[in-house]
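It should be emphasised that the depicted structure is a prediction, and the values quoted were computed from it without experimental measurement.
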Amino acid sequence: MNKFEILSQVLDYIEENLCRGVTPEECAEKCCYSLSNMQKMFRCVFHIGISDYISRRRITMAARELIDTDETVLDIAVKYGYNSHEVFTRAFTRLWGVTPAAFRKSSSFSEIYPKLGRSERLFDGKGNEIMSSVRFDVSHLYDFITERRGKYVICFDMYHLMYINDTYGMAAGDVAISECLRRIDSNSDDDSLLIRIGGDEFILITDCSEKAEAEKQAERILALNGGVVRSGSNEFEVSMRAGCEKIPESGNIRYNELFDSFIIAGRPSEK
């Protein structure tokens, strides 16, 4: 197997065993690869450690169950490998910025960290890497998107996530991402669907048939730009830019091409 096949197998193994407390050691053993080499390869390609990725996926799946089920917080915590309500609440709050109980009352969005998908790497003529971007696998939402043919998607791109991660740490980056998602989610209609498609890229699938209507909704969200958030003792501003893209009304919709167009649409202006 080549390296990308190995990583694909690791991602699948993690998903299949999230409720069983999967470890990096098990992932390496499953793929017959050394732990140290796998950890280096995983971080190089996805810009996150395996343990951190597993933790974020567990919290994401737990958040989904908080919204979609009536199970108690403790039952969900135990299901995803946390040995107490307190440990789960601390881990959940670090990623979401609110307690599980508060999240269940106020949120309709749970996919803060979808399953990792393809990683795109671009090189210059000398073989030096000039860009590496990670995409999340949201292919399970493809049918929903095709059902919204002719409707507009608002594409958001967050400013300076890499700077926040490098300056204040990944935990601060998680807080910034959560704040962007909160702003979008709290200013969206009930029939909209919010998706995180990349590290700092989000799309809101609306029920708007007119571009002006979608742009007005985007303006309401962007009006919150510059708001300060806190991570530990650090404070920093969070801002986004946005663009609108229409889902094709007819013809075949190619999954990769569709999401590439959404990504480009999220970067047209400095609103």
Side-chain angles (χ1 to χ4, degrees), residues 6-117 119 134-141 165 169-178 181-182 194-196 199 231-232:
I6 291 172
L7 288 176
S8 179
Q9 186 172 347
V10 169
L11 293 175
D12 288 341
Y13 184 74
I14 289 171
E15 291 302 306
E16 293 166 2
N17 294 277
L18 276 177
C19 293
R20 196 183 53 77
V22 59
T23 66
E25 289 80 5
E26 290 179 31
C27 294
E29 183 178 351
K30 175 69 176 179
C31 299
C32 302
Y33 213 71
S34 76
L35 177 60
S36 61
N37 284 340
M38 174 166 292
Q39 289 174 323
K40 291 176 183 176
M41 181 169 59
F42 196 97
R43 183 175 290 279
C44 178
V45 173
F46 296 127
H47 315 301
I48 187 173
I50 297 178
S51 295
D52 285 343
Y53 174 71
I54 293 171
S55 176
R56 284 162 170 75
R57 285 297 297 143
R58 289 163 67 196
I59 291 294
T60 296
M61 297 302 292
R64 181 187 296 178
E65 297 209 16
L66 283 169
I67 293 174
D68 294 343
T69 74
D70 294 326
E71 289 189 55
T72 67
V73 173
L74 179 58
D75 286 344
I76 293 172
V78 171
K79 179 177 180 179
Y80 286 96
Y82 295 90
N83 56 19
S84 72
H85 187 290
E86 291 74 17
V87 172
F88 174 65
T89 297
R90 285 198 298 270
F92 191 95
T93 304
R94 279 197 300 270
L95 189 59
W96 281 102
V98 296
T99 65
F103 177 88
R104 169 171 264 170
K105 292 179 181 178
S106 63
S107 185
S108 61
F109 175 81
S110 63
E111 294 291 324
I112 192 171
Y113 217 91
K115 177 185 176 183
L116 282 168
S119 177
V134 175
R135 297 283 168 262
F136 293 121
D137 181 2
V138 290
S139 56
H140 60 291
L141 299 172
N165 284 335
M170 291 287 291
D174 289 340
V175 171
I177 291 165
S178 296
L181 294 169
R182 186 196 64 78
L194 176 58
I195 310 171
R196 185 181 177 196
S231 175

| note | Heavy atoms of Arg196 and Ile112 approach each other most closely as NH1-O, 2.5 Å
| field | Reported OG1-to-NE2 distance for the pair Thr72 and His85, which is rounded to 0.5 angstrom | value | 8.0 Å
| note | Tightest non-hydrogen contact, residues Ala62 and Ile76, listed as CB-CG2, 3.7 Å
| query | About how many Å separate OG of Ser106 and CZ of Arg182, when rounded to the nearest 0.5 Å? | reply | 9.5 Å
| task | Could you tell me which residues satisfy salt bridge (charged side-chain N to carboxylate O under 4.0 Å, His left out) with Glu26, sequence neighbours excluded, listed by chain and number? | result | Arg20
| message | Tell me the closest heavy-atom pair linking Thr69 and Arg104, and the distance in Å. | response | O-NH2, 3.1 Å
| query | Does the side chain of Leu66 come within less than 4.5 Å of Trp96's, by heavy atoms? | reply | no
| Has the side chain of Ser178 got a donor or acceptor atom that lies under 3.5 Å from a matching backbone atom of Asp174? | yes
| query | So how far is it from Ile177 CD1 to Leu95 CG, rounded to the nearest 0.5 Å? | reply | 8.5 Å
| query | Side chains of Lys30 and Glu16: does their closest heavy-atom pair fall under 4.5 Å? | reply | no
| task | Answer whether the closest heavy-atom distance between the side chains of Arg56 and Ile48 falls below 4.5 Å. | result | yes
| task | Determine, using ring centers only, whether Phe42 and Tyr53 are less than 6.0 Å apart. | result | yes
| task | Measure the shortest side-chain to side-chain distance between Phe88 and Val73 over non-hydrogen atoms and say whether it is less than 4.5 angstrom. | result | yes
| note | One should read off an interatomic distance between Lys105 NZ and Ile67 CD1, to the nearest 0.5 angstrom, of 14.5 Å
| query | Considering all heavy atoms of both residues, which atom of Asn37 and which atom of Tyr33 are nearest to each other, and what is their separation? | reply | CB-CE2, 3.6 Å
| Should the pair Arg58 and Tyr82 be classed as cation-pi, given the thresholds of under 6.0 Å to the six-membered ring centre and 45° from the axis? | yes
| request: Measure the SG-CE distance between Cys27 and Met38 for me, rounded to the nearest 0.5 Å. | output: 7.0 Å
| said: Restricting to salt bridge (charged side-chain N to carboxylate O under 4.0 Å, His left out), what partner residues turn up for Asp52, sequence neighbours left out? | reply: none
| said: On a heavy-atom basis, which atom in Ser231 and which in Ala172 lie closest, and how many Å separate them? | reply: OG-CA, 3.4 Å
| task | Please say whether more than 12 non-hydrogen atoms of neighbouring residues, nucleotides or ligands are located less than 6.0 Å from CD in Glu71. | result | yes
| Thr60 vs Lys115 side-chain heavy atoms within contact, under 4.5 Å | no
| said: For Phe103 versus Ala63, what's the shortest heavy-atom pair and its separation? | reply: CE2-O, 3.6 Å
| So, the side chain of Thr99 versus the backbone of Thr89: is there a donor-acceptor pair under 3.5 Å, distance only? | no
| Can you tell me how far the CG atom of Leu11 sits from the CD1 atom of Ile6, to the nearest 0.5 Å? | 12.0 Å
| Does CG belonging to Asp70 count more than 12 external heavy atoms closer than 6.0 Å? | no
| said: So, applying side-chain contact (heavy atoms from CB on, under 4.5 Å) with Ile50, which one of Met41, Arg43, Gln39 is it? | reply: Gln39
| query | Of all residues at least two apart in sequence or in a different chain, which pass the salt bridge (charged side-chain N to carboxylate O under 4.0 Å, His left out) check with Arg57? | reply | Glu15
